[in-house]
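Just so we're clear, the structure is a prediction, and the values are computed from it rather than from any experiment.
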Amino acid sequence: MKKIAGILAVLCLLAGCMPKTVISPTYDFSQMHRIGIMAFDSPWQTMQGAENLFAKYLLESGFKVVERAQLESILGEHHIAVSGYLSPQTTREIGKILGVDVLLVGEVSNYTPARTELALTAQRQLKTRPIYQQEVVRRPDGTYAGYLRNVGTEVSRSSDVRPTTYTIDGHIGLIAKMIDVETAEIVWVGSADDTSSNPVEAADRLARKLVKSFRKELAKQQQQK
């Protein structure tokens, strides 16, 4: 029973780490040639820059990407400020200036850093010691001889209390969206979460999983047409 419960716990954990994504069934992705990547919103300084991870995996997947730094530089030259909600007019302006077809926007939806805690653990020790008793016997020749005879075992118990440090993994969640620059329509959205003692590694895994999921959904949609 315990073995089955353990297996179910692992399956639930794996299911929680799987990305949840939805792709528009009507959008023509064959016209998507360039992707502009915006800075992801994050109230946590540690997790700012998650968009760079998506740029890496989109490039590895063969997409043409205008990454955040270049995008912000060009928008700054045209005095276009981008933060929070993107209006259809703003997305169209960005599309024309950068020559991108969709914008990738996102946010760090939740973040709990890993932490180290100290606990006192008692290690029980069990010691045994043989007990001997000295006895004297008379030999046939009338002399006496002494010897030790084992008459039992003495058992002693003690506890050794020691400090032990252990790490509780942190938790991170990401949400990413692709927006058509002409209509401001969301054509793809994905979310995923992960736990790790290293938040940057966790964010990297999430970006890889979400991009991989997008590629699979895109390939499936193209096969159906």
Side-chain angles (χ1 to χ4, degrees), residues 13 16-23 32 34-95 97-117 167-181 184-215:
L13 178 62
C17 295
M18 293 296 291
K20 304 174 182 65
T21 58
V22 178
I23 193 170
M32 186 188 74
R34 283 163 60 88
I35 302 173
I37 298 184
M38 310 292 291
F40 278 29
D41 292 332
S42 173
W44 301 280
Q45 183 70 29
T46 305
M47 298 314 303
Q48 290 182 356
E51 65 281 352
N52 296 321
L53 302 172
F54 282 84
K56 176 177 70 172
Y57 289 112
L58 286 169
L59 284 170
E60 287 182 0
S61 300
F63 296 101
K64 295 181 179 179
V65 173
V66 179
E67 53 91 25
R68 184 201 70 181
Q70 181 183 357
L71 184 148
E72 290 180 350
S73 175
I74 296 174
L75 293 182
E77 293 174 3
H78 289 78
H79 306 290
I80 298 177
V82 178
S83 61
Y85 169 73
L86 291 175
S87 68
Q89 181 180 355
T90 302
T91 58
R92 281 193 290 270
E93 288 184 38
I94 294 173
I97 294 171
L98 298 172
V100 297
D101 305 294
V102 298
L103 291 176
L104 179 71
V105 300
E107 64 176 297
V108 180
S109 56
N110 58 74
Y111 170 59
T112 304
R115 66 184 189 274
T116 301
E117 294 196 355
T167 301
I168 299 176
D169 285 346
H171 181 267
I172 179 173
L174 292 179
I175 298 175
K177 305 174 187 176
M178 284 188 180
I179 302 175
D180 179 80
V181 296
E185 171 193 1
I186 297 175
V187 298
W188 175 84
V189 61
S191 64
D193 59 90
D194 198 358
T195 56
S196 174
S197 59
N198 188 316
V200 176
E201 290 181 359
D204 187 89
R205 286 195 298 270
L206 293 180
R208 183 179 71 249
K209 289 178 181 178
L210 286 169
V211 172
K212 182 179 179 181
S213 180
F214 170 67
R215 283 176 20 229

Working to the nearest 0.5 Å, report the span between CG of L98 and CG of L103. 7.5 Å

Yes or no on side-chain contact (heavy atoms from CB on, under 4.5 Å) for L104 and E51, after CA distance, side-chain angles and deciding distance? CA-CA 8 Å; L104 179 71; E51 65 281 352; over 6 Å; no

Taking the side chain as every heavy atom from C-beta outward, state whether V66 and R34 have any atom pair closer than 4.5 Å. yes

Minimum heavy-atom distance between V181 and T91, given as atom pair plus value: O-OG1, 3.0 Å

Counting C-beta onward and ignoring hydrogens, is there a side-chain heavy-atom pair between D169 and S197 closer than 4.5 Å? yes

Heavy atoms of G190 and L210 approach each other most closely as C-CD2, 3.8 Å

Could you tell me which non-hydrogen atom of A202 sits nearest to which non-hydrogen atom of I172, and how far apart they are? CB-CG2, 3.6 Å

Could you state the interatomic distance from NZ (K209) to CG (L174), rounded to the nearest 0.5 Å? 11.0 Å

If you take the centroid of each ring, where Trp contributes its six-membered ring, are F63 and F214 closer together than 6.0 Å? yes

Could you walk me through whether S213 and T21 pass the side-chain hydrogen bond (donor to acceptor under 3.5 Å, both in side chains) check? CA-CA 7 Å; S213 180; T21 58; 2.8 Å; yes

So among D101, I35, V189, I23, which one has a side-chain contact (heavy atoms from CB on, under 4.5 Å) with M178? I35

Can you tell me how the ring of F54 sits relative to the ring of F40, calling it parallel under 30°, perpendicular over 60° and tilted otherwise? tilted

Given 3.5 Å as the limit, does a donor-acceptor pair link the side chain of N110 with the main chain of G173, or not? yes

Can you tell me how far the CE atom of M47 sits from the OG atom of S42, to the nearest 0.5 Å? 7.0 Å

